Amino acid sequence: MSTILIKNGQIVTATDDYVADILVQDGRVHTIGKEIEVGADIPVHDASGLLVLPGGVDVHTHLEFNFGDFETIDDFETGTRSAAFGGTTTLVDFCNQGDKTPMDALEGWHKRAEKACVDVSAHVILNKVDDEALAQMRGLIHDEGISSFKLFTAYPGIFMVDDAGLFKAMRQARDNNAMICVHAENGGVIEVLIQEALAAGHTGPKYHEATRPSIMEGEATQRVITISELAEAPVYIVHLSASEALDAVTRARDRGVPVFAETCPHYLFLDKQEYERPGFEAAKFVMTPPLRECSHQHDLWRGLKTDDLQVISTDHCPFCFHEQPNGILYSKQQGVDNFNKIPNGAPGVETRLPLVFDGGVHKHQMSINRFVQLTATAPAKLFGLFPRKGTIAVGSDADIVIFDPNQKWTIKAEQQHSKIDYTLFEGKEIMGKVRKVFLGGRLIVEEGTWHGKRGMGKFVKRGNAGKI
Ligand code: URP
Ligand code: ZN
Ligand code: ZN
């Protein structure tokens with residue numbers, strides 16, 4: 001493997017910030033120091049005046065993901081390439097159990113993930129917590145390096161499990177140093193509201209939001225936390241969007257309960273006004289949980305400050321707005337007459353780092369160390385990837401981003417590298433841009449040009465989860 005030198009950059013980790021050179025050898029950081037000398041044959045990347053960051057770690061993506069009658073449009077090649085252009089070099093994607101055993105489901109996920117262009121792992125979604133699934137959790141954790149699982153209290157008939165299943169899975173995770181991630185909304189109550197709305201002739205996309213009230217996210221989050229306390233297991237709340245849910249997390253953390261939570265850029269920058277867009281446009285914003293009143297955004301930014309929220313991930317779950325030549329499976333148009341048939345999910349894997357840098361560091365007094373912690377270090381630690389991923393240190397994988405903190409640019413769907421045909425942030429002007437990305441020391445993105453290869457990403461076996 002080749003040697004490279006990254007020279008004179010401002011190296012930023014969750015704790016440090018200094019100017020130095022990084023010598024990379026055999027895919028790892030070999031030396032960090034001042035004025036490192038190399039031979040004329042060694043490629044040198046001058047990072048003067050630029051930030052040198054650990055590659056982003058996004059622990060919430062859905063690539064080639066089967067969701068009821070739908071499938072996300074990005075496969076592992078396009079989704080991971082898009083991630084790379086946005087400065088993210090490791091994904092923890094969701095492997096859906098469906099009607100298989102968890103082990104068989106993981107085998108299928110591995111086949112699909114062979115195309116990955118950045119490093120990947122998976123959380124296995126358990127929608128059937130029976131004795132076989134509980135037993136297989138042990139093998140998944142200890143033999144396969146899968147130390148986290150996702151369970152749902154929402155989507156009855158597709159993913160939802162009952163409290164008993166949740167409790168059993170949490171205890172099994174606790175006994176094996178793994179962690180349960182939960183999508184926390186009250187699926188039963190929401191289903192009643194959906195059926196009532198449809199019966200009243202309310203079919204437009206805005207009723208997606210109206211039928212998923214924030215207090216039902218708060219209720220489910222509190223219930224999940226209470227069950228985790230009884231199970232004495234760490235728990236991770238995914239895509240937290242609501243003040244009521246954050247309150248539940250904050251109260252528990254104040255008591256010393258090991259509860260962790262992520263939010264996503266769309267909850268930090270957008271609100272429910274988007275559902276007032278004319279025609280079917282609002283369908284672009286149909287994700288779960290839905291966008292909330294503006295006041296929730298303020299609470300989420302506070303939660304990031306107080307460390308009641310530890311991670312920002314994307315929930316990249318792309319369904320095209322327009323119908324696709326390869327089938328309706330991939331398009332929001334499925335729900336043009338019925339909001340309940342709009343596939344839930346939105347894109348975002350390419351814009352996370354620049355959006356959070358612009359909104360956090362430039363506009364919300366977030367330190368650059370905290371930015372790195374939220375987007376790389378904390379997710380790597382919580383999900384058993386640290387210190388191989390999530391930092392720049394001697395011996396870490398040389399997944400490195402050279403980032404210009406002051407470059408202004410405008411987000412446009414047509415410039416994205418995903419297969420998706422829209423972005424939630426069309427026309428948004430931001431400051432902060434990815435210039436170069438290295439994966440294991442190999443230059444894969446350079447000033448908007450792709451040098452990576454399909455299949456170059458590796459599967460990463462993860463260690464213990466649930467500690468930070
Ligand atoms: O709308 C969303 N979030 N779709 C993806 C599935 C999930 O709940 O994470
Ligand atoms: Zn979810
Ligand atoms: Zn998701």
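Keep in mind it's a predicted model, so treat the numbers as computed, not measured. Remember, it's 1-based here, ligands and their atoms both numbered in the order they're listed. One-based numbering along the sequence shown.
The N, O or S atom of Asp315 with the smallest distance to the Zn ion (ligand 3) is OD1. The name of the N, O or S atom in His239 nearest to the Zn ion (ligand 2) is NE2. His183 contributes ND1 as its N, O or S atom closest to the Zn ion (ligand 2).
Of all protein heavy atoms, the one closest to atom 8 (O) of ligand 1 is His183 ND1, 2.9 Å. Among all protein heavy atoms, the one lying closest to atom 4 (N) of ligand 1 is Asn344 O, 3.1 Å. Protein heavy atom at the shortest distance from atom 7 (C) of ligand 1 is Lys150 NZ, 3.5 Å. The single protein non-hydrogen atom nearest to atom 3 (N) of ligand 1 is Asp315 OD2, 2.6 Å, given as residue, atom name and distance.
Between Glu323 and Lys332 there is no salt bridge, since no side-chain N of the basic residue sits under 4.0 Å from a carboxylate O of the acidic one.
The contact set between ligand 1 and Met287, taken as ligand atoms under 4.0 Å from a residue heavy atom, comprises 1 (O). Per-residue contacts place His239 under 4.0 angstrom from the following atoms of ligand 1 (heavy atoms of the residue considered): 7 (C), 8 (O), 9 (O). Proximity to His60 (heavy-atom distance under 4.0 Å) selects the following atoms of ligand 1: 9 (O). Annotation for ligand 1: atoms under 4.0 Å from non-hydrogen atoms of Thr288 are 1 (O), 2 (C), 3 (N).
At least one heavy atom of Phe152 sits less than 4.0 Å from an atom of ligand 1. Residue Tyr155 places a heavy atom under 4.0 Å from ligand 1.
A 6.0 Å sphere centred on NZ of Lys363 holds more than 12 heavy atoms belonging to other residues, nucleotides or ligands. More than 12 non-hydrogen atoms from other residues, nucleotides or ligands lie less than 6.0 angstrom from NZ of Lys419. By the neighbour-count criterion of 12 heavy atoms within 6.0 Å, atom CZ of Arg277 is densely surrounded, having more than that number from other residues, nucleotides or ligands. Around the CD atom of Gln195, the shell of radius 6.0 Å holds more than 12 heavy atoms that belong to other residues, nucleotides or ligands.
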Test side chain to side chain contact (heavy atoms under 4.5 Å, CB included) applied to Leu246 and Leu240, step by step: CA-CA 7 Å; Leu246 179 59; Leu240 188 148; 3.9 Å; yes
Working for salt bridge (Lys or Arg N to Asp or Glu O under 4.0 Å), residues Asp254 and Arg251: CA-CA 5 Å; Asp254 287 349; Arg251 284 194 304 270; over 6 Å; no
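Residues Asp93 and Phe76 have side chains in contact (heavy-atom distance under 4.5 Å, counting atoms from C-beta outward). At a threshold of 4.5 Å between non-hydrogen side-chain atoms, the residues Val356 and Asp358 do not count as touching.
Using a cut-off of 2.8 Å, one finds that Phe152 contributes no N/O/S atom close to the Zn ion (ligand 2).
Between NE2 of His60 and NE2 of His62, the angle at the Zn ion (ligand 3) works out to 110°, rounded to 10 degrees.
The aromatic rings of Phe159 and Phe67 are tilted relative to each other, their planes meeting at an angle between 30° and 60°.
Nearest to atom 5 (C) of ligand 1 by heavy atom, out of Ala346, Cys317, Gly345, is Cys317.
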